[in-house]
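One structure is given below, encoded as structure tokens.
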Amino acid sequence: MPGRSIVHHYQDPLDLIWLRAAADLGLEVQRSAEAYASYDGKGTLTISVAADFDADDSLAQMIFHEICHWLVSGIRAKDLPDWGLSNTNNRDLIYEYACHRLQAALSTPFGLREFMAVTTDWRRYWDALPEDPLKDGEDPAIAIAQTGFQLAQKSPFESVLTRSLSATAVIADAVRGVAQSSSLWSVTRSRHRLGSLLSRSEALRCGSCAWAVSGKSGLRCRQHKPPGKIAPAVCSDEQACERWEQKLVAADCGNCGACCRQGFDLVSVSPRDPFRKLHPELVQLHNGDHIVPRPGGTCVALDGDGAAATPFRCRHYATRPKNCEDFEVAGDACLLARRRVGLSR
Ligand code: SF4
Ligand code: SF4
């Protein structure tokens, strides 16, 4: 019987996605048992062979990790061996940690944080990362990771990383349901059809979310409204995304106060607003307009600090300016103010 002629050979889809990512960033990937991961400063990444990987490692994660090293080390690090880092002592440990933070920040929105987690002995730092690995804090790696994140939003990184992480997430969506609990694929997370990760709670529904608003055209999600476009439709009984928030009512204002502090810069007071005569000591002229100022970010009429015993309260609530009176709890501006002070995402 004549031998079968084999034309096509099987390749791991994830390998293909991330080898293409590397290629599109000008990196050639070589495999060698001589090194776990190294970069020659001339465009060649050498990554170990699969037999030497940890069981939860993948070529995809290794390439992604090296791209993150490049990002935190700066665009010119492409011309430096191992991105300019020393592998023989702890001089550059901070850059390793910054790389972890960036890797977590970039993979989280795609539901891939655990799937794309760093491996080897570095894992302890990764596992201790907070939910937002780029949030300001004392760790000096944060500022480096933040700078790397900014670079990741620029060409060519942004399109390559978005494409590769999206494609990885699509595969995750396809295999999660058939993956055993011991499989790395089982730790990937589903996304809501509007893009955010699904809520971990199956009980939460879009219909009970603060971001959902009813209108003539049905229920719409303001959280996922693209700039300049109308908010997308949601169904009240579909499973919520992780951005779900409890519907806001007036009682929530006491521990919020966002609209009366850093959520907005000032309150303008129209010429006929009675507030001008009732509280002239609180009104100032600003660029030709009368305003109630916010020195240090807080309205001069605001009392309290948001604590249960001392909630935020307007000292002149009953006679507040018309603009404050018109302000709607749970309205678009309320949600914007809460976002600006970090109470909403
Ligand atoms: S933000 Fe709220 S309404 Fe929008 S998709 Fe998430 S849960 Fe649904
Ligand atoms: S931002 Fe909204 S919830 Fe917060 S105090 Fe203002 S109206 Fe109340």
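In what follows, every heavy atom counts, from backbone to side chain, and hydrogens, waters and symmetry copies are set aside. Fair warning: this is a prediction, and the values are worked out from it, not measured in the lab. Whatever order the structure lists ligands and atoms in, that order sets their numbers, starting from 1.
Within the structure, side-chain hydrogen bond (donor to acceptor under 3.5 Å, both in side chains) pairs that include any residue of residues 284-301 comprise R276-H290 (at least two apart or interchain). Pairs passing the salt bridge (Lys or Arg N to Asp or Glu O under 4.0 Å) check and including a residue from residues 303-316, sequence neighbours excluded, read D303-R315.
Ligand 2 places these atoms under 4.0 Å from at least one heavy atom of C259: 1 (S), 5 (S), 6 (Fe), 7 (S). Interface atoms of ligand 2 facing F327, defined by a heavy-atom separation under 4.0 Å, are 6 (Fe), 7 (S).
Environment of NZ in K135: sparse, with no more than 12 heavy atoms of neighbouring residues, nucleotides or ligands closer than 6.0 Å.
For a distance threshold of 2.8 Å, the protein N, O or S atoms nearer than that to atom 6 (Fe) of ligand 1, listed by chain and number, are C241 SG.
Counting only heavy atoms of the protein, atom 4 (Fe) of ligand 2 lies nearest to C256 SG, 2.3 Å. The nearest protein atom to atom 8 (Fe) of ligand 2, hydrogens excluded, is given as C253 SG, 2.3 Å; this is a heavy-atom distance. Closest protein heavy atom to atom 2 (Fe) of ligand 2: C334 SG, 2.4 Å.
Residue F312 does not touch ligand 2, judged by heavy-atom distances below 4.0 Å.
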- For H65 and Q103, run side chain to side chain donor-acceptor pair (under 3.5 Å): C-alpha distance rounded to whole Å, both residues' side-chain angles, the deciding distance at 0.1 Å, then the answer. CA-CA 7 Å; H65 184 70; Q103 195 167 331; 2.6 Å; yes
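For the salt bridge (Lys or Arg N to Asp or Glu O under 4.0 Å) test, no residue two or more places apart in sequence or in another chain qualifies with D12.
Side-chain contact between Q223 and C209 is absent, with no heavy atoms from C-beta onward closer than 4.5 Å.
Residue G257 places a heavy atom less than 4.0 Å from ligand 2.
A distance below 6.0 Å separates the ring centres of F157 and W70.
Tested against F64 for a side chain to side chain contact (heavy atoms under 4.5 Å, CB included), the candidates V118, L106, L112, T168 yield a single pass: L106.
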